[in-house]
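Note sheet for the following structure.
A note on names: the letters A, B, ... follow the listed sequences, proteins ahead of strands, and every chain is numbered from 1.
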Amino acid sequence: MLLFTHTASLLSDFFADEYDLEINADQLQFSPTRKDFEGDYTLVVFPLVRFMKKSPEECGDILGQYLMECSDFIDGYNVVKGFLNLSVSVHFWKESLKMTADPARMTASTENKGTLVVEYSSPNTNKPLHLGHIRNILIGWSMYRILERYGYELVKTQIVNDRGVAICKSMLAWKKFANGETPENSGIKGDHLVGKYYVKFDEELREEYLQWQDTPEADEAFKSNAKKDESKEAFFKRWKNDYFNKVSQLGAEVRQMLRDWESGKEEVVQLWKTMNTWVYDGFDETYEKLGVDFDKTYYESDTYKLGKDLVNEGLKKGVFFTEEDGSVWADLTDEGMDKKLLLRGDGTSVYMTQDLGTARVRYHDFKMDRMVYVVGNEQDYHFKVLFSILKLLEEPYADGLYHLSYGMVDLPGGRMKSREGTVVDADDLIAEVVQIAANNVEKRDGMINLSPEEQEESVRRIGMAALKYQLLKVNPKKRMVFNPEESVDLQGHTGPYIQNAFVRIKSILRKLDESEDAEADGSIDDYFHLKDQERDLLKLLLSYREVIERAASDYDPAHLANFAYQLARNYHRFYHEHHIIRAESGAARTFRIKLSGVVASALEDSMFLLGIEMPRRM
RNA sequence: GGCUCCGUAGCUCAGCUGGAUAGAGCAACUGACUUCUAAUCAGUAGGUCGCAGGUUCGAAUCCUGCCGGGGUCACCA
């Protein structure tokens with residue numbers, strides 16, 4: 001912040017002159033003064049005491065005296081223990097009102113930091129999006145906005161997992177049981193329809209498995225594979241996957257389908273294309289509701305064979321090795337990791353190979369300097385390995401890779417389980433929060449003058465704000481609990497609370513426009529005694545740039561969420577204590593109108609960086 | 001078991017690179033709308049910061065150990 005650098009440079013001059021000492025910035029710690037003490041900003045003098053060879057109190061006194069004399073911005077100080085509390089002049093506050101007038105411009109980076117690719121959604125095409133995906137998507141979208149503000153050229157990508165056994169399961173079940181059901185003739189959203197048959201497959205498989213368990217063949221499997229003392233029940237529960245792979249008729253059909261797909265069998269490919277189209281239409285609808293989009297979508301069906309070139313290069317460089325069966329491995333044991341398979345004995349790719357290939361394709365497409373993957377923390381190890389291998393291969397972007405690892409979203413009763421039907425569907429949840437917002441409109445009169453369309457739009461923004469804010473206010477890396485009933489609150493530490501502060505300001509400014517005495521009748525120059533709440537607001541506004549920088553470097557949108565909340569809270573408080581249009585003087589009125597305008601802009605901008613839109617009225 | 005993340009008020013979460021008496025919201029209780037929108041504000045109550053050591057003028061924050069929870073250690077993705 002400007003004040004800190006200004007003050008720090010004065011202090012370093014002081015130490016150079018008086019003590020012939022070079023002081024570096026981290027020995028000068030400034031922070032906002034705590035509520036219970038007099039002053040605006042506090043310098044911690046403990047780190048300086050050893051240079052000055054005096055008591056902390058004396059040191060603080062000397063420095064405070066010096067700053068009073070040298071700086072226009074400091075006009076008072078007091079020392080408590082080792083803390084030098086500085087009071088900042090009215091002059092400075094008025095200056096800061098000008099400096100913060102355009103928050104978006106004030107916080108924009110002046111340097112171009114290069115190109116950054118962010119991958120923030122990686123859905124499977126066999127079922128619809130759920131609450132966990134929403135967290136992923138919202139974090140990714142917000143980071144896109146934040147990093148762009150921070151100075152990167154952004155490319156938003158997603159990778160769609162559109163192939164493999166899971167997709168074949170829904171295809172097979174559809175073929176067997178759907179009787180030609182389509183999104184059109186059933187009215188079911190495409191991704192939900194496909195998801196329905198994925199579930200159907202699992203039910204059929206379970207039924208098949210259950211029946212098989214009564215056969216002699218099953219007894220045989222139990223006898224030869226069960227651990228000692230293992231009950232039949234426990235064994236069959238554990239053995240389900242083996243059953244699917246070795247015994248199941250349905251399993252065999254799925255695998256046949258996968259082979260047919262890979263060999264390009266017309267009928268299967270056609271079905272695959274048709275069903276994927278349904279899913280994409282469904283996803284697009286959900287993405288649109290969430291207000292997100294992508295510059296480039298990668299499909300696993302295009303990329304799953306990639307990466308072999310990189311593996312061969314690695315072999316040539318001698319950083320990979322070959323086993324007797326012809327499989328290729330990377331040895332990462334020096335870095336405390338394991339050996340990792342990169343190519344099977346038969347030359348086919350694994351997941352890791354694919355990600356290696358995809359990384360290079362992206363470099364080919366965008367020449368990025370950095371790449372951020374927004375992916376859940378269950379893949380922490382995978383990305384650690386991936387990044388290490390890309391470094392071994394000396395890929396040009398290898399040092400700019402980051403896994404933005406986020407924690408699971410739990411429900412109050414524990415984690416979501418598809419088996420138990422506790423998975424919170426994205427579309428349902430969106431509809432629910434908007435409905436809750438709509439229910440609350442009736443009790444309010446702020447919106448009665450709006451047309452039905454405008455009202456609906458406001459309601460949508462309020463509901464979405466509740467949902468988005470709830471998910472974004474928590475540090476991404478932390479596992480979080482989401483209570484679908486309580487968590488879409490519209491009061492307290494929520495999105496709508498912040499929107500409400502904004503709407504209040506807009507309402508004042510609108511009144512002002514409509515009134516006769518729209519012209520400000522006082523000058524800010526004549527305003528001398530700032531209220532506590534006014535100074536608090538200005539302090540927050542001045543910190544905005546640092547908040548964004550921290551959000552960018554920590555990869556944590558929650559910093560912005562908390563900033564917006566604090567700003568809104570301080571404004572609500574200010575609004576209650578002081579009149580704006582009918583302020584006690586023309587000067588105060590002008591000052592407060594201006595201040596309110598800046599607060600509104602900062603609220604709107606910080607919410608914009610979170611991907612949350614403001615309503616005009618609520 | 002190895003690696004890794006987490007543990008702060010009844011619940012959900014803040015607490016920046018160590019700084020003063022650890023903060024919000026929800027839930028509970030009390031009060032404030034003839035006023036620029038009460039989706040608001042003010043107040044009461046609620047804490048051995050998982051436990052034990054260590055480093056420091058100073059530790060919720062850094063280090064070590066332990067306890068508790070999650071994730072991960074596939075020729076799955």
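Searching all strands for a Watson-Crick or G-U wobble partner of B:rA42 with both distances below 3.5 Å returns B:rU30. Nucleotide B:rA22 forms no Watson-Crick or G-U wobble pair with any nucleotide shown, as no partner meets the under 3.5 Å limit on both distances. Of all nucleotides present, none satisfies the Watson-Crick or G-U wobble test against B:rU37 with each distance under 3.5 Å. Pairing for B:rC51 is with B:rG65, a Watson-Crick or G-U wobble pair whose two hydrogen-bonding atom distances lie under 3.5 Å. Judged by Watson-Crick or G-U wobble contacts below 3.5 Å, the nucleotide B:rC3 has B:rG71 as its partner.
In this structure, A:Lys511 places its NZ atom 11 Å from C1' of B:rU35, rounding to the nearest Å. At whole-Å resolution of the value, CD in A:Gln158 and P in B:rA77 are 20 Å apart. Straight-line distance from the CG atom of A:Asn377 to the P atom of B:rU72: 9 Å, rounded to whole Å. The distance from atom CG of A:Asn570 to atom P of B:rC41 is 10 Å, rounded to the nearest whole Å.
Mapping A:Ile508 and A:Thr33 onto RNA chain B via the closest heavy atom, the residue that lands nearer the 5' end is A:Thr33. When each of A:Val441 and A:Phe46 is assigned the nucleotide of RNA chain B bearing its nearest heavy atom, the one mapping closer to the 5' terminus is A:Phe46.
A cation-pi arrangement, defined by a distance under 6.0 Å to the six-membered ring centre and an angle within 45 degrees of its axis, is present between A:Arg163 and A:Tyr304. For the pair A:Arg504 and A:Tyr571, the cation-pi criterion (under 6.0 Å, within 45° of the ring axis) is not fulfilled.
Listed candidates were B:rA39, B:rC75, B:rC6. Nearest to the side chain of A:Arg344 is B:rC75. Here B:rG70 is the nucleotide among B:rG70, B:rC41, B:rC75 with the atom lying nearest to any side-chain atom of A:Arg415.
Put simply, A:Arg444 has a side-chain N or O that comes within less than 4.0 Å of OP1 or OP2 on B:rA39. OP1 or OP2 of B:rA38 lies within a sub-4.0 Å distance of a side-chain N or O belonging to A:Arg504. For A:Arg573 and B:rA42, the shortest distance from a side-chain N or O to OP1 or OP2 is below 4.0 Å.
A:Thr494 contributes no side-chain N or O that forms a donor-acceptor pair with the base of B:rA39 under 3.5 Å. Under 3.5 Å, the side chain of A:Asn85 and the base of B:rA20 form at least one donor-acceptor pair of N or O atoms. Contact of A:Asp325 with B:rC75 (side chain to base): a donor-acceptor pair of N or O atoms is detected under 3.5 Å.
Taking the six-membered ring where the residue is Trp, A:Trp261 and A:Trp272 present perpendicular rings, their angle passing 60° and hence far from 30°.
Looking at every heavy atom in both residues, A:Val49 comes nearest to A:Pro56 through CG2-CA, 3.9 Å.
Here A:Phe83 does not count as stacked on B:rG19, because the ring centres are not under 5.5 angstrom apart with planes under 30°.
Among the atoms of the strands shown, only primed sugar atoms or phosphate atoms (P, OP1, OP2) are found under 4.0 Å from some heavy atom of A:His493.
With a 6.0 Å radius and a threshold of 12 heavy atoms from other residues, nucleotides or ligands, A:Lys240 has its NZ atom above the threshold.
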